[in-house]
Amino acid sequence: MVQLPEINDLSSHACRRMSSLILETSTLPTCGNARDMIQLSKKMIQVAFLSDSKQADDESIRISAEDAIRCVENMWQDQQGRSAANPRRQVEAHERHPIATRMAQKVAEAEKALARDIAAGDHAAAPFDKRDPGVSDSEWNHLEACKRAERDRERKEQEAAEELKKEIEKQTEIARREKALAEELGRAAAKDEAERQELKRLREAARLKELAAEHEKRRLEEKRRLEEERRKKREKEERVQKALRDMGQCVAGYRWIKAESGYRCAGGSHSVSNAQLQHV
C-alpha cells in the first residue's frame with residue numbers, strides 16, 4: 001500500500017497545502033472531470049513506486065510530502081493552463097468528479113455564509129477570543145465572520161484530505177490487483193509455454209520413433225530379400241548337384257568342381273556349362 005503519513009496530520013504544511021490546492025483547482029471551469037482526481041492518485045502511486053521508498057517493517061510504499069505536493073501542484077498548474085486557454089468553457093455538474101463537486105459547493109457555501117454574517121452584523125464571538133478595546137462593532141463582526149469562514153475552510157480542507165486519502169488507497173488497491181493479475185497472467189503464459197514445449201518435445205519424439213520404425217522396417221525387408229536370394233541360390237545349387245549326381249562322374253571317373261561358367265571335372269578334361277545344366 002502507498003502511504004502518505006502527512007495526510008493524517010491536518011495541521012501539517014503538506015496536508016494544508018494539498019487541500020488548499022485541490023480546493024482552488026475545484027473552482028476552475030475546466031476542473032471536474034472524473035479522471036482528474038483518479039489521475040492525481042495514480043500519479044502519486046507511480047511516483048511512490050519509482051522512488052522505491054519501501055518501509056523496513058512492512059511491505060508498504062511511502063511517498064514523500066514533497067513529492068505529493070508536487071503532484072498536486074502539477075495538477076493545479078495544468079488546470080490553470082487549460083482554464084486560461086478555454087475561458088468560456090463550462091463544466092456540467094454531472095461531469096464533475098464527486099470530490100471536486102463537493103469541494104466547490106463547500107467553498108461556495110462558505111463564501112455565502114461569510115457574506116451573510118457580514119451583512120447581518122453577527123455579534124457572536126468565539127469563547128476563546130477577547131475583543132480588544134477600540135474595535136468597532138462593524139470591524140469585530142467582520143473579523144468573526146472571517147474566523148468562521150477560516151474554520152469552514154479548515155474543515156473543508158480536512159474533508160478534501162480525507163477524500164484524497166481514500167482515492168489514493170483505492171487506486172493503490174487497483175494497482176495491487178492489476179499487478180497481481182499481471183503476475184498471474186505471466187505465470188499462466190509461462191505454464192502455457194511449458195506445455196507447448198512439452199507437446200513439441202513429444203511430437204519430435206514421436207517423429208523420431210516413426211523414423212526409427214521405418215528404418216527398422218526397411219532393414220528387415222532387406223534382410224528378408226537377401227535371405228530369399230540365398231535360399232534361391234541354395235535351391236539352384238541343390239538342383240545342379242542333383243543333376244550332376246544323376247549324370248555321375250565324368251567319363252574319366254573324376255568328380256565335378258564348380259567353375260565360373262559351370263562345372264569341370266577334377267582332371268580338367270571334361271566340363272558342363274550352366275546352360276547345359278538348366279536343361280538337365
Side-chain angles (χ1 to χ4, degrees), residues 1-51 53-55 57-80 83 91-114 126 128 145-179:
M1 176 182 292
V2 176
Q3 293 186 350
L4 175 58
E6 289 79 4
I7 202 170
N8 296 318
D9 183 3
L10 300 180
S11 63
S12 67
H13 167 71
C15 182
R16 295 177 63 85
R17 176 59 176 165
M18 287 188 293
S19 300
S20 176
L21 287 171
I22 291 174
L23 285 172
E24 291 181 21
T25 303
S26 69
T27 63
L28 296 175
T30 56
C31 181
N33 192 302
R35 290 172 296 182
D36 291 341
M37 295 303 294
I38 295 176
Q39 289 299 325
L40 174 61
S41 56
K42 285 185 176 180
K43 182 62 179 178
M44 287 185 176
I45 293 171
Q46 180 183 9
V47 171
F49 277 103
L50 290 176
S51 66
S53 53
K54 182 178 291 187
Q55 300 301 297
D57 57 343
D58 56 32
E59 295 297 322
S60 62
I61 301 295
R62 178 173 177 175
I63 181 173
S64 66
E66 293 77 9
D67 288 339
I69 293 174
R70 192 175 299 111
C71 290
V72 181
E73 288 177 342
N74 290 339
M75 179 190 71
W76 174 67
Q77 292 171 358
D78 181 61
Q79 290 293 342
Q80 277 195 323
S83 298
V91 180
E92 297 295 336
H94 70 272
E95 294 178 331
R96 290 181 176 272
H97 188 275
I99 298 175
T101 300
R102 287 194 291 272
M103 289 190 298
Q105 291 173 346
K106 291 171 183 176
V107 170
E109 292 171 0
E111 292 175 348
K112 291 179 181 179
L114 176 60
F128 50 82
C146 290
K147 291 177 182 178
R148 286 191 294 274
E150 179 64 21
R151 289 193 293 271
D152 287 341
R153 183 178 180 84
E154 289 177 353
R155 177 174 55 81
K156 293 175 178 61
E157 288 178 352
Q158 178 181 354
E159 292 173 354
E162 290 295 329
E163 294 284 0
L164 179 59
K165 178 183 177 182
K166 291 178 181 178
E167 190 64 34
I168 291 176
E169 291 175 351
K170 175 183 176 182
Q171 295 303 320
T172 300
E173 178 62 17
I174 292 174
R176 184 193 66 78
R177 292 179 180 178
E178 290 178 348
K179 180 180 179 181

What's the spacing between [X] [atom1] and [Y] [atom2] if we round to 0.5 Å?
| X | Y | atom1 | atom2 | answer |
| --- | --- | --- | --- | --- |
| Ile174 | Glu169 | CD1 | CD | 12.0 Å |
| Arg177 | Lys179 | CZ | NZ | 15.5 Å |
| Gln77 | Met75 | CD | CE | 11.0 Å |

Dump the intermediate steps for side-chain contact (heavy atoms from CB on, under 4.5 Å) on Glu159 and Glu162, then the final yes or no. CA-CA 5 Å; Glu159 292 173 354; Glu162 290 295 329; 5.6 Å; no
Which of these, Lys42, Lys43, Met18, sits in a side-chain contact (heavy atoms from CB on, under 4.5 Å) with Cys71? Lys43
Side chain of Asn74, backbone of Arg70: donor and acceptor closer than 3.5 Å? yes
Stepwise, does the side-chain contact (heavy atoms from CB on, under 4.5 Å) test hold for Met44 with Gln171? CA-CA 10 Å; Met44 287 185 176; Gln171 295 303 320; over 6 Å; no
Decide salt bridge (charged side-chain N to carboxylate O under 4.0 Å, His left out) for Arg176 and Glu173; before the verdict, give the C-alpha distance in whole Å, the side-chain angles of both, and the deciding distance to 0.1 Å. CA-CA 5 Å; Arg176 184 193 66 78; Glu173 178 62 17; 2.5 Å; yes
In terms of heavy-atom contacts, Ile168 and Ile45 come closest through O-CD1, 3.9 Å
Salt-bridge criterion met for Arg153 and Glu150 (N-O under 4.0 Å): no
